Amino acid sequence: VVLTEKDLEGPLWELEMALLESDVALPVAESIIATIKADLTGQHKKLLHSTGDVAQDALVDAISKILNVNTLDFDEYVRNHARPVVISFIGVNGTGKTTTIAKLAERLKEQKYGVVIAAGDTFRAGAIEQLERHADRLGVKMIKHQQGADPAAVIYDAVQYAKNNKKDVVLADTAGRLHTNVNLMEQLKKIGRVVRPDLTIFVDEAIAGNDAVERARLFNDAVPVSGTILTKADADAKGGAAISIAHITGKPILFLGVGQEYKDLKKFETQWFLDRLFE
Amino acid sequence: NLGNSLKDAVKKLANAGKIDRQVIDEVVKDIQRAMIQADVNVRLVMKLSSQIKNRALTEAPPAGMDSREHVLRIVYTELVNIVGKTTPIALEPQTIMMVGLQGSGKTTTTSKIARFFSRKGLKPAVICADTYRPGAYDQLSQLCEKLGVPYYGEPGNKDAVAIVRNGLKAMAKYDVKIVDTAGRHALETDLIQEMKDIYALTPFTHKLLVLDAAIGQQASEQAKAFNDAIGITGVVITKLDGTAKGGGALSAVSDTNTSIAFIGVGETPDDLERFDPDGFISRLLG
Ligand SMILES: Nc1nc2c(ncn2[C@@H]2O[C@H](COP(=O)(O)OP(=O)(O)OP(=O)(O)O)[C@@H](O)[C@H]2O)c(=O)[nH]1
Ligand SMILES: Nc1nc2c(ncn2[C@@H]2O[C@H](COP(=O)(O)OP(=O)(O)OP(=O)(O)O)[C@@H](O)[C@H]2O)c(=O)[nH]1
Ligand SMILES: [Mg+2]
Ligand SMILES: [Mg+2]
């Protein structure tokens, strides 16, 4: 049987709806479905396979391609890279950057690395205090300046401290900022130039909808992103933002945040998303 | 863009128009895509678009209105039906409970609302009931100090209910008591219970659900859970100073049978506005 456009219409519509209801941004969902349609139209299918199944298999392939992009093994990177490994965390307001740094600090400590945290959010009320409480709980050194200080200077200081004290990793927090705020995006570029982080991690939330595309695009344009950590996946989110962000940045999703405790960080698996999509 | 054409369509009322089915199909398709990109709940978008299409095909357009404007005018009325009113905020003594998902902007909005009431001549006081987030008390105290707004908290105490009970007593002489709570989501059953226990302390005038403008398809489910637990009286949409359209708020208000009270458009205490339905609708349709 040769698949026609007409055969595919119904099944592809169902799949597009599934993607949209899973928070995959509209332009990304449309592009995935268009690719599948182009690939499958005119293809032969076995009589025993339903068109729905063929389309679903094609969708799994398309999604896997997007999510398996440029895989970066975080643990391996940290193990092999020259010291200190400098990692910055960027993203819009409230996505979970500070909490994620605490989770990663715990994880790295368990792997016996020496960690320094840089209090690079010098703007928001209570930001330095928040990170300081995490650092104290974790028994990790934190470098801070006064509120209102230059974030690049704080992070630079932390890197110097790490070099002088033979620390393995520097985790640099930055203030949340909207991708539409030109001054703050310029500040981010400046931090990148001064600090030259080895990894720039984009932190966004699994509950974000279509805006995930806009912010991933503008952040990636400003300071190329090495990978993403998707937080709040425990809020029953289907996590389509993972697809949107991976598609736009061409970089992998490294971890999922699955709660507010230090242990609530797990490596991202493509299957996690596929299971939620089809449930 | 649709937002501006919508404004024109609503204003235009000249001589008799006829119905062009193809144009209607095209415009409804555009509206559908705009709403989905604005994060309106997909099921709600489908329901609204078929309602809009039916009305466009069966209702006579006002004189002089072409089919495109005819559809846009119907879209406007359908959306106004959902978000057309702004939550009434009385300028009198009251208690307000701020609830919502993690990171949505509750603490920042609490300080903005305190400032709102100060400017209206009322005396606000803030109660910090977030016992989970490290530095929550520091954040709130710094924001309140800057505004000269009295605040209450018990940094060592893990019992949020006790803190609110004590805080309501300690701040009794102030007109408006605003309780900032910890972020929580529908699946965190012990936190949902804590929220119910706080609510049980006093008949709060307002229970405001603080929602991030960028929230996706989860908005509907989360809003329902908060509403089932304590009954939401109004919604605040934050971070509208970005590119997010706030479509999630549409489902939130239609599912909780409430309205939008305020919008947040920045990080400082002045960045709070009363909700304007027309502005919201035009922005939603891009
Ligand atoms: N449920 C859940 N909550 C999370 C997760 N990650 C972070 N949070 C919560 O989200 C809220 C915001 O976290 P922060 O770490 O302060 O976010 P941020 O990006 O540093 O915020 P800004 O610095 O203000 O931009 C806190 O209440 C965290 O506990 C997660 O994976 N799951
Ligand atoms: N640009 C912008 N940022 C906002 C707005 N409202 C809040 N924020 C920022 O969003 C981040 C989170 O705000 P919070 O007030 O800490 O959020 P929260 O809901 O109290 O967070 P939790 O208590 O952890 O659940 C902070 O960086 C705020 O400055 C807004 O309207 N616009
Ligand atoms: Mg932070
Ligand atoms: Mg808070």
Side-chain angles (χ1 to χ4, degrees), chain A residues 17-18 20-27 29-30 92-99 102 123-137 147 175-181 204-215 218 231-232 234-241 244 259-260, chain B residues 32-43 45-46 101-108 111 132-146 182-188 191 212-219 221-222 225 238-239 241-248 264 266-267:
Chain A
M17 285 295 283
L20 295 176
E21 289 194 293
S22 300
D23 276 328
V24 176
L26 180 65
E30 287 182 328
V92 302
N93 307 72
T95 56
K97 298 175 289 302
T98 305
T99 309
F123 168 73
R124 205 205 69 213
I128 297 175
E129 290 81 352
Q130 180 185 8
L131 194 54
E132 191 150 38
R133 282 178 208 282
H134 281 304
D136 290 346
R137 276 189 209 166
Q147 186 149 11
R177 69 202 66 221
L178 289 184
H179 44 296
T180 44
N181 188 318
D204 213 334
E205 46 199 5
I207 51 181
N210 278 261
D211 208 44
V213 164
E214 278 318 294
R215 46 216 219 184
L218 291 187
T231 63
K232 309 179 193 173
D234 51 307
D236 203 19
K238 297 261 185 157
S244 310
Q260 306 189 78
Chain B
Q32 212 173 54
R33 296 189 73 254
M35 288 202 281
I36 289 176
Q37 283 208 276
D39 294 317
V40 180
N41 180 281
V42 175
R43 300 280 156 200
V45 172
M46 293 309 152
L101 298 176
Q102 286 88 354
S104 61
K106 298 173 290 303
T107 303
T108 310
S111 66
Y132 294 98
R133 175 169 154 154
Y137 178 78
D138 298 294
Q139 181 184 11
L140 206 46
S141 70
Q142 285 175 22
L143 289 170
C144 291
E145 300 265 352
K146 260 192 165 179
R184 70 202 74 220
H185 60 70
L187 296 180
E188 292 168 321
L191 293 181
D212 190 320
I215 190 170
Q217 296 295 307
Q218 272 291 306
E221 187 167 323
Q222 296 293 338
T238 61
K239 308 176 204 172
D241 45 316
T243 47
K245 304 283 171 51
E267 296 189 74

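Computation of the quantities below employed the complete heavy-atom set of this structure, encompassing side-chain atoms and omitting hydrogens, waters and symmetry-equivalent molecules. Small disclaimer: the values here were computed from a predicted structure and weren't measured. Numbered from 1 within each chain, the chains take letters A, B, ... in sequence-line order.
Under a 3.5 Å cut-off, the side chain of D138(B) and the backbone N or O of Q130(A) do not form any donor-acceptor pair. No side-chain donor-acceptor contact under 3.5 Å links E214(A) to the backbone of A244(B).
Heavy-atom contacts from other residues, nucleotides or ligands closer than 6.0 Å to CZ of R137(A) number more than 12.
When each of V42(B), D212(B), L143(B), L140(B) is scored by its heavy-atom pairs under 4.5 Å with chain A, the top score falls to V42(B). Across G135(B), S111(B), G216(B), G105(B), the residue that shares the most heavy-atom pairs under 4.5 angstrom with chain A is G216(B). No other option in A235(A), G126(A), G259(A) has as many heavy-atom pairs under 4.5 Å with chain B as A235(A). The residue among H179(A), M17(A), R124(A) with the most heavy atom pairs within less than 4.5 Å of chain B is R124(A).
Side-chain atoms of E129(A) and Q142(B) form a donor-acceptor pair, as typed in the model, at a separation below 3.5 Å.
Heavy atoms of L187(B) lying under 4.5 Å from chain A belong exclusively to its side chain. If you measure heavy-atom distances from E267(B) to chain A, the contacts under 4.5 Å come from the side chain alone. Only the side chain of R133(B) comes within contact range of chain A, with heavy atoms under 4.5 Å apart. Heavy-atom distances place both the backbone and the side chain of A214(B) under 4.5 Å from chain A. For L101(B), the part lying under 4.5 angstrom from a heavy atom of chain A is the side chain only.
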